[in-house]
Amino acid sequence: MDKRTAVVDNLFTNSVSNSSVLSIGDTNHAALKFKGLAVQKQVPTFSQEDEESFDYPLFQRDTNWPPPNIGVRKTTTHHNQNICVVNIATIGVSSSSLLQIGSLTRGYAEARVKHFRKLQETNDTS
């Protein structure tokens with residue numbers, strides 16, 4: 001990988017969370033992994049018994065990555081020795097995401113989220 005200098009004038013990021021990375025400069029390897037549970041309730045009250053575990057088949061499966069050598073030919077011409085960025089504004093980098101300014105040799109990012117909807121039971125007697 002050709003090394004280049006990253007010159008950033010202004011960067012504003014509100015938040016970086018949940019297995020995410022904000023990187024300025026060259027990175028050889030980035031491996032990001034996130035497991036999350038999303039609970040939507042009809043009545044937004046939560047208690048200790050609302051806590052869920054990660055014992056779902058979704059979180060146990062192996063990742064199905066594409067083969068590493070898929071035969072793509074790529075030629076890159078750098079017209080400038082520097083990577084010049086004037087302004088970047090992001091609200092957030094979350095859930096196994098990467099905001100990268102610079103070169104990246106290998107990157108793997110995986111996010112698995114299990115969604116739940118918890119609705120109230122209705123006593124419809126009609």
Side-chain angles (χ1 to χ4, degrees):
M1 163 175 53
D2 291 337
K3 303 292 183 189
R4 296 170 59 194
T5 301
V7 179
V8 180
D9 289 342
N10 186 21
L11 170 65
F12 174 80
T13 301
N14 194 40
S15 66
V16 178
S17 64
N18 299 339
S19 182
S20 297
V21 174
L22 188 156
S23 175
I24 300 175
D26 296 329
T27 301
N28 187 36
H29 182 80
L32 309 153
K33 191 170 186 175
F34 173 75
K35 294 179 182 179
L37 297 172
V39 180
Q40 178 184 14
K41 294 181 78 171
Q42 189 170 353
V43 178
T45 56
F46 293 90
S47 65
Q48 188 75 20
E49 61 188 45
D50 288 316
E51 291 186 16
E52 302 281 349
S53 69
F54 289 92
D55 295 334
Y56 295 97
L58 170 71
F59 300 122
Q60 308 306 321
R61 285 189 248 166
D62 290 334
T63 306
N64 188 14
W65 296 107
N69 296 322
I70 55 175
V72 175
R73 292 178 192 242
K74 176 186 158 193
T75 302
T76 303
T77 303
H78 299 299
H79 297 286
N80 191 333
Q81 184 174 336
N82 298 331
I83 298 169
C84 300
V85 178
V86 178
N87 288 309
I88 296 177
T90 59
I91 294 172
V93 183
S94 181
S95 303
S96 189
S97 298
L98 173 67
L99 193 157
Q100 173 75 36
I101 303 169
S103 300
L104 175 66
T105 303
R106 270 176 291 188
Y108 302 94
E110 177 182 351
R112 297 181 188 200
V113 180
K114 178 74 176 166
H115 294 267
F116 293 94
R117 280 196 179 140
K118 294 187 175 182
L119 304 176
Q120 286 183 325
E121 293 184 25
T122 59
N123 294 329
D124 190 6
T125 58
S126 55

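We use all heavy atoms of the structure for the numbers below, so side chains are in, but hydrogens, waters and symmetry mates are not. The structure displayed is predicted, hence computed values, not measured ones.
Residue Ile91 places its CD1 atom among 12 or fewer non-hydrogen atoms of other residues, nucleotides or ligands, all under 6.0 Å distant. Taking a 6.0 Å sphere around CD of Gln60, one finds it holds more than 12 heavy atoms contributed by other residues, nucleotides or ligands.
Other cluster members for Leu22: Val8, Leu11, Val16, Ile24, Ile83, Val85, Ile88, Val93, Leu99, Ile101, joined by side-chain heavy-atom distances under 4.5 Å among Ile, Leu, Val, Met, Phe, Trp and Tyr. Here Trp65 is tied into one hydrophobic group with Tyr108, each link being a pair of ILVMFWY side chains closer than 4.5 Å.
The side-chain hydrogen bond (donor to acceptor under 3.5 Å, both in side chains) test applied to Ser15 returns no partner, not counting sequence neighbours. Every side-chain hydrogen bond (donor to acceptor under 3.5 Å, both in side chains) that Ser23 has, sequence neighbours left out, goes to Thr27, Gln100. Residues satisfying the side-chain contact (heavy atoms from CB on, under 4.5 Å) test with Ser96, not counting sequence neighbours, are Leu32, Phe34, Ala109, Ala111. For Asn80, there are no side-chain hydrogen bond (donor to acceptor under 3.5 Å, both in side chains) partners two or more places apart in sequence or in a different chain.
Among all heavy-atom pairs drawn from Leu104 and Ala30, the shortest one is CD1-CB, 4.1 Å. Across every non-hydrogen atom of Ser95 and Ser20, the tightest pair is N-OG, 3.4 Å.
Not a single donor-acceptor pair under 3.5 Å links the side chain of Asn18 to the backbone N or O of Ser94.
Going from atom NZ of Lys35 over to atom CZ of Arg112 covers 7.0 Å, rounded to the nearest 0.5 Å. For the atom pair Thr63 OG1 and Glu110 CD, the distance stands at 3.0 Å (nearest 0.5 Å).
Residues Thr13 and Thr90 have side chains that bring a donor and an acceptor to within less than 3.5 angstrom of each other.
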